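To keep things clear, I will list the structure first and then write my remarks on it.
Please read all numbers here as calculations on a predicted model, not as lab measurements. Counting convention: from 1, in listed order, for ligands and their atoms alike.
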Amino acid sequence: MRRLKTGEPIPYDLLLLADEELQAIDRYIHQSDIYVVEMGNNIIGVCVLYPIDENTIEIKAIAVDEAYQNQGIGKRMLKDTAVKARKKGCRELIIGTPTTAEKQLAIYQKAGFEWFDVRKDFFISHYSAPIFENGVQLKDMAIMRKQLLL
Ligand code: ACO
């Protein structure tokens, strides 16, 4: 993963795989560090790190181009993120995902994240319209935490 340089276009197309609305992305993107993964000249992965305080970084978004999913890239990005956060002296990473998002919950748990909290009705109160995935309305956000040993 390399950090996106100032002035480079923000890969909104990829970010919209992870977040439903541009307005939601714009609430965190300008205060975050954006890391990307490239294949040739194309950006195929993105990971957005938002510093909550000196000890905690939230992964606000992680996404891999659909053509490259399920090939281990997401897992590798989570590992690299932990290394980068540790180097900055950060003690914990957090990541939020719908409580119904089976694949994401599985990946995060396999990467060492544990259930920590639930933000009730997050996807109802923070978005302009109801969001459905596989016919199920998204309501609550699971907050997962990975503690980093320095
Ligand atoms: N249920 C459980 N596990 C699953 C499922 C499923 N339905 N589908 C795949 N998996 C497992 C695979 O078996 C694999 O695990 P394994 O390596 O132990 O076999 C793992 O999920 C996939 O790992 P990767 O290949 O490393 O993941 P990928 O490169 O596809 O990246 C990501 C994962 C980022 C979630 C990607 O699929 C993506 O971009 N999805 C769309 C955007 C998204 O949902 N982003 C996260 C939103 S939350 C947030 O951004 C904070």
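- A salt bridge links Lys88 with Asp33: at least one charged nitrogen is closer than 4.0 Å to a carboxylate oxygen.
- Across every non-hydrogen atom of Leu78 and Ala111, the tightest pair is CD1-CB, 3.8 Å.
- No donor-acceptor distance shorter than 3.5 angstrom exists from the side chain of Asn42 to the backbone of Ile44, with no hydrogens or angles considered.
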- Start with the C-alpha distance between Glu133 and Thr100, add both sets of side-chain angles, then the distance that settles side chain to side chain donor-acceptor pair (under 3.5 Å), and finish with yes or no. CA-CA 9 Å; Glu133 266 178 22; Thr100 47; 5.5 Å; no
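- With hydrogens and angles disregarded, no donor-acceptor distance shorter than 3.5 Å links the side chain of Asp121 to the backbone of Lys139.
- A donor-acceptor contact under 3.5 angstrom links the side chains of Tyr127 and Asp19, judged on distance only.
- If you look at ligand 1, the protein residues with a non-hydrogen atom under 4.0 Å away are Leu17, Ala18, Ile59, Lys60, Ala61, Ile62, Ala63, Val64, Gln69, Asn70, Gln71, Gly72, Ile73, Gly74, Lys75, Ile95, Gly96, Thr97, Lys103, Gln104, Ala106, Ile107, Tyr108, Lys110.
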